[in-house]
Amino acid sequence: MPKLRSNEPPKPHASLEKWTWLLIYGGLFVLILGIATSRTDTVLGWSLATPGALAAAVGVLLIYLRSRIKDKP
């Protein structure tokens with residue numbers, strides 16, 4: 001029978017990690033969607049690709065910021 005983890009404390013940075021990966025994967029998806037759309041409509045493609053690239057860049061920045069945060073023992 002598996003052990004229950006109810007006695008372990010919650011991860012202090014779980015929401016930061018969730019937002020990090022959501023921004024990276026969501027941003028890359030929208031970026032690719034914008035690139036594919038730009039073949040038929042250039043303005044709409046760039047309108048999708050630019051925020052997607054920015055979201056992915058913010059996600060990468062959050063990875064760096066998370067690496068600099070000191071964990072409390």
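No chain of hydrophobic side-chain contacts below 4.5 Å, direct or via other Ile, Leu, Val, Met, Phe, Trp or Tyr residues, connects F29 to L23. A chain of hydrophobic side-chain contacts below 4.5 Å, direct or via other Ile, Leu, Val, Met, Phe, Trp or Tyr residues, connects V60 to W21. Under the 4.5 Å side-chain heavy-atom criterion for ILVMFWY residues, no single connected hydrophobic cluster contains both L33 and W46. By the criterion of side-chain heavy atoms lying less than 4.5 angstrom apart, applied directly or through intervening Ile, Leu, Val, Met, Phe, Trp or Tyr residues, V58 is grouped together with L65 in one hydrophobic cluster.
For V30 against L48, the heavy-atom pair with the smallest separation is CG1-O, 3.1 Å. Between G27 and A55, the shortest heavy-atom contact is CA-CB, 3.9 Å.
Here the CG atom belonging to L61 is positioned 12.0 Å from the CG atom belonging to L54, to the nearest 0.5 angstrom. If you take CG on L28 and CD1 on I32, they are separated by 7.0 Å, rounding to the nearest 0.5 Å.
Between the side chain of T50 and the main chain of S47, no donor-acceptor pair closer than 3.5 Å is present.
The one candidate from I24, L16, L22 that meets the side-chain contact (heavy atoms from CB on, under 4.5 Å) condition with L62 is L16.
Contacts classified as salt bridge (charged side-chain N to carboxylate O under 4.0 Å, His left out) and involving residues 48-68 (residues at least two apart or in different chains) are given here: E17-R66, R66-D71.
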